[in-house]
2 protein chains.
Amino acid sequence: MTPNLDSLSAFRHLCRQHGIAATHQRQAVYECVMESNDHPTPELLHERVRRRIPMISLATIYKCVHTFMRIGLWKEASLHHGPVRVDPNLRPHHHLVCRMCGSMTDISHSGVDLLRIFGKLPRRFRADTVVAEILGTCVDCQIRRR
Amino acid sequence: MTPNLDSLSAFRHLCRQHGIAATHQRQAVYECVMESNDHPTPELLHERVRRRIPMISLATIYKCVHTFMRIGLWKEASLHHGPVRVDPNLRPHHHLVCRMCGSMTDISHSGVDLLRIFGKLPRRFRADTVVAEILGTCVDCQIRRR
DNA sequence: TTCGCTGCAAAGGTTTTGCATCGGA
DNA sequence: TCCGATGCAAAACCTTTGCAGCGAA
């Protein structure tokens, strides 16, 4: 059973669990993200955290974000960001995305109408497309690794 | 009925339909993408197109890609690329992504097990996650626009 | 005290832009 | 001929990195 800790010691506990130092920069970044309802970019996070620690640098934000992702506390919401990729296939289809090399392969729509599955979306959001992104490891990277 | 045209005049026809000039650079970029089975980045496309037009610049590749996307011939396979976005929500969930402002909102998993729906994936791809990305226009942008 | 973390500044990678020139219609 | 497209170079944007000094343990 997790002990009922206040915010500060809960954060220290978390850091100890993962073997990282509990700096106040990390705590501020952590709390700002956990209080967010959106999915902030490092830039936006920097703005928010600076209200508490005016001198914190953007590089530190990036480092904190990577650290928390590495230890599995957060994920990257923006899948396969990086260079644009062109898709000339206009028929509905989904993507197999390799986490290691970033390669993308189409797979057919196969009669799965996701817009129907997600029929009860928030009424206020005007949806036009639903794409399934299937993340994993491609054949080449399975062979190549280790 | 579309006339049966050879490659060159088919391309000219397409350009005329969309009111853009049929330059040989655009034709080479167009053909390279249409012959691709992957989803090339501008960089990779540049390499490939240079086999035909050694002096073509990377800026032209970017401009062509934007043009073909603008007229609706191609899409962007890499959804919401750009700055990283942090996602501290570790429970399975999907995303509402606004095409205009890039904002992302979580929607609940709602019992839809996409990995089961996509049960018959290519055996060789080792899938670990399926995320549905629901693209459209958020409330704020619906109000803001025009 | 020690080692990991921060802040700064520089560099790396991707994309856009301004402008002179070229070429398609 | 005319206007839009290209090529180049510079700038803008996003992210990573190296290193000296700081601070958590």
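These numbers come from the heavy atoms of this one structure, side chains and all, not from hydrogens, waters or symmetry mates. Just so we're on the same page: letters track the sequence lines, and every chain starts at 1.
- Under 4.0 Å is where a charged nitrogen must lie from a carboxylate oxygen, and between R51(B) and E35(B) no such pair does.
- At whole-Å resolution of the value, CZ in R26(B) and P in dG7(D) are 11 Å apart.
- In this structure, H66(B) atom NE2 and dT17(C) atom P are separated by 9 Å, rounded to whole Å.
- Residue T23(B) has a polar side-chain atom (N or O) positioned under 4.0 Å from OP1 or OP2 of dT6(D).
- Residues R16(B) and P42(B) both approach DNA chain C. Their nearest nucleotides, taken by heavy-atom distance, put P42(B) toward the 5′ side.
- Annotation: R52(B), atom CZ; neighbour count of heavy atoms from other residues, nucleotides and ligands within 6.0 Å is above 12.
- Looking at the side chain of M55(B), the nearest of the listed nucleotides dC8(D), dT15(C), dC5(C) is dC8(D).
- With salt bridges taken as basic N to acidic carboxylate O contacts below 4.0 Å, one links D38(A) and R48(A).
- Within 4.0 Å (heavy atoms only), H46(B) reaches no atom of the nucleic acid at all.
- Close to dC8(C), at under 4.0 Å from its OP1 or OP2, lies no side-chain N or O of S57(A).
- Atom pair I53(B):CD1 and dG23(C):P shows a separation of 12 Å (rounding to whole Å applied).
- Atom pair F68(A):CZ and dC5(C):C1' shows a separation of 12 Å (rounding to whole Å applied).
- A close approach under 4.0 Å does not occur between any side-chain nitrogen or oxygen of R12(B) and OP1 or OP2 of dG24(C).
- Within the 4.0 Å cut-off from OP1 or OP2 of dG23(D), not a single side-chain nitrogen or oxygen of Q25(A) is found.
- Here A21(A) lies in heavy-atom contact (under 4.0 Å) with sugar-phosphate atoms only.
- The side chain of P83(B) approaches dC14(D) more closely than any other nucleotide in the set dA25(D), dC14(D), dA5(D).
- A donor-acceptor contact under 3.5 Å is formed by the side chain of K63(A) with the base of dG7(C).
- Nucleotide dT6(C) holds its P atom 9 Å from the NE2 atom of H24(A), rounded to whole Å.
- Within the 4.0 Å cut-off from OP1 or OP2 of dT15(D), at least one side-chain nitrogen or oxygen of Y62(A) is found.
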